[in-house]
Protein chains: 2
Amino acid sequence: MSKKPKVKRVVKPELQAKGHMRTRAAHATELAEDYVEVISDLLDEHGEARVSDIAARIGVTHVTVTKKVSLLARDGLVTTKPYRSIFLTDLGREVARRSRERHQIVVDFLVKLGVPKDAAHTDAEGIEHHVSSVTLEAFKRFVKDEVNGAS
Amino acid sequence: MSKKPKVKRVVKPELQAKGHMRTRAAHATELAEDYVEVISDLLDEHGEARVSDIAARIGVTHVTVTKKVSLLARDGLVTTKPYRSIFLTDLGREVARRSRERHQIVVDFLVKLGVPKDAAHTDAEGIEHHVSSVTLEAFKRFVKDEVNGAS
DNA sequence: GTATATTTGTAGCTAATGCTAATTTTTTTA
DNA sequence: TAAAAAAATTAGCATTAGCTACAAATATAC
Ligand SMILES: [Mn+2]
Ligand SMILES: [Mn+2]
Ligand SMILES: [Mn+2]
Ligand SMILES: [Mn+2]
């Protein structure tokens with residue numbers, strides 16, 4: 001009985017580095033995306049987005065939200081007034097729209113693949129930020145394609 | 001022409017928070033996983049894992065590597081001696097093995113789905129850390145399943 | 001064997017994400 | 001309307017990840 005063949009899978013260092021750099025870039029923006037998505041949802045559902053509600057949906061303390069929101073304001077994604085609801089700028093709305101759309105595609109994709117709904121939602125929250133446009137297109141195709149439906 | 005139907009997709013706050021908390025948990029460990037994976041590769045290929053080679057593959061400066069490696073040592077994943085190669089502990093080897101395996105499954109999955117190789121590698125580097133065991137199983141199934149091959 | 005080049009380490013900085021504790025403001029209730 | 005409850009802010013702390021600039025050690029070349 002021979003040892004596992006162990007496939008030679010040598011990748012060029014620069015290419016590998018590219019992957020890690022892209023991952024870091026994604027991490028630099030993903031939290032902002034999640035926040036504006038949540039804020040957008042709250043605005044749709046309740047007409048306002050309050051710090052405590054955002055905190056409940058992101059799973060952090062309200063202090064963490066306050067701090068992040070001030071960075072979002074600095075970056076032009078939201079507008080704030082002390083003790084008042086947070087609102088989205090045009091840019092914030094656009095980012096939210098795209099994030100929500102991508103999020104939904106990832107969830108639908110995982111569900112169609114056979115992942116249970118709960119896990120699909122949980123995993124999608126992380127996966128969504130690392131899906132390039134070409135991969136997103138592949139996900140879309142798979143969701144649309146009747147061939148891959150539950151047979 | 002009516003506006004888009006806009007599906008009501010209201011998720012319970014706690015469930016949504018769970019997703020974000022899982023994402024944060026993943027981010028807390030993923031960098032360590034990528035480092036030990038790279039270190040393991042270097043040890044296999046060259047018999048030693050040097051700071052500068054790790055830096056080239058992760059795409060950061062050697063200073064960043066030195067600092068992270070000392071945290072990895074603190075956490076029992078690697079052993080170090082000044083100006084010498086870095087080696088893996090038993091735990092480090094185990095983490096590397098699992099990470100590499102999962103990484104490969106994600107890459108194979110994306111490729112089988114029709115994502116170009118370069119994008120598959122790049123995206124996998126981020127996606128891998130957010131794939132739960134049930135989703136990983138779904139990926140494996142899809143890769144094995146002849147039905148989904150290029151027709 | 002010395003000089004040079006490469007590699008590794010250290011010091012010190014910025015920025016982000018998270019927290020608890022204490023304060024202030026707003027909202028609700030009595 | 002005054003007291004109590006809820007919500008938001010501020011201050012201050014810890015941790016991590018990244019960087020540049022500089023110093024020390026190791027490896028290579030002559
Ligand atoms: Mn997300
Ligand atoms: Mn991530
Ligand atoms: Mn990775
Ligand atoms: Mn990896």
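Quick note on labels: first sequence line is chain A, next is B, and so on, each numbered from 1.
Comparing B:Arg50 and B:Lys67 by the nucleotide of DNA chain C whose heavy atom lies nearest to each, the residue mapping closer to the 5' end is B:Arg50. Mapping A:Pro82 and A:Leu31 onto DNA chain C via the closest heavy atom, the residue that lands nearer the 5' end is A:Leu31.
For B:Lys81 and D:dA25, the NZ to C1' distance is 16 Å, given to the nearest whole Å. Rounded to whole Å, the distance from CD on A:Glu48 to C1' on D:dA6 is 14 Å. Atom NE2 of A:His20 and atom P of D:dA17 are 14 Å apart (whole Å). Between the NE2 atom of B:His46 and the P atom of C:dT7 there is a distance of 13 Å, rounded to whole Å. Remark: P of D:dA17 and CE of A:Met21 are 18 Å apart, rounded to the nearest angstrom. For the pair B:Tyr83 OH and D:dA23 C1', the computed distance is 8 Å after rounding to whole Å. Here C:dA15 presents its P atom at 11 Å from CG of A:Leu71, a figure rounded to the nearest Å. One interatomic measurement links the two molecules: CG of A:Asp53 to P of C:dT27, which rounds to 14 Å at whole-angstrom precision.
Stacking between B:His62 and C:dT8 is shown: the ring centroid lies under 5.5 Å from the centre of the six-membered base ring, and the planes differ by under 30°.
Among the atoms of the strands shown, only primed sugar atoms or phosphate atoms (P, OP1, OP2) are found under 4.0 Å from some heavy atom of B:Ser52. Using a 4.0 Å heavy-atom criterion, one finds that B:Val63 contacts the bases of the nucleic acid, with or without backbone contacts as well. Counting any heavy atom pair closer than 4.0 Å across all strands shown, B:Lys68 reaches sugar-phosphate atoms only and no base atom.
An OP1 or OP2 oxygen of D:dA17 is reached within less than 4.0 angstrom by no side-chain nitrogen or oxygen of A:Arg24. In terms of phosphate contacts, B:Arg74 brings no side-chain nitrogen or oxygen within less than 4.0 Å of OP1 or OP2 of D:dT15. Contact check, B:Thr64 against D:dC19: a side-chain N or O comes under 4.0 Å of OP1 or OP2. OP1 and OP2 of C:dG18 both lie 4.0 Å or more from every side-chain N or O belonging to A:Thr61. Within the 4.0 Å cut-off from OP1 or OP2 of D:dA27, at least one side-chain nitrogen or oxygen of B:Arg84 is found. Put simply, A:Thr66 has no side-chain N or O that comes within less than 4.0 Å of OP1 or OP2 on D:dA8.
At a threshold of 4.0 Å, the pair B:Lys112-B:Asp145 does not count as salt-bridged, since none of the basic side-chain nitrogens sits closer than that to a carboxylate oxygen. Salt bridge absent: B:Arg98 and B:Glu101 never bring a charged side-chain N and a carboxylate O closer than 4.0 Å. For A:Glu14 and A:Lys18, the salt-bridge test fails: no basic side-chain N is under 4.0 Å from an acidic carboxylate O.
Relative ring orientation between B:Phe109 and B:Phe142 is described as perpendicular, the plane-to-plane angle rising above 60° on a 0-90° scale split at 30° and 60°.
B:Met21 and A:Val60 end up in different hydrophobic clusters when Ile, Leu, Val, Met, Phe, Trp and Tyr side chains are linked at under 4.5 Å.
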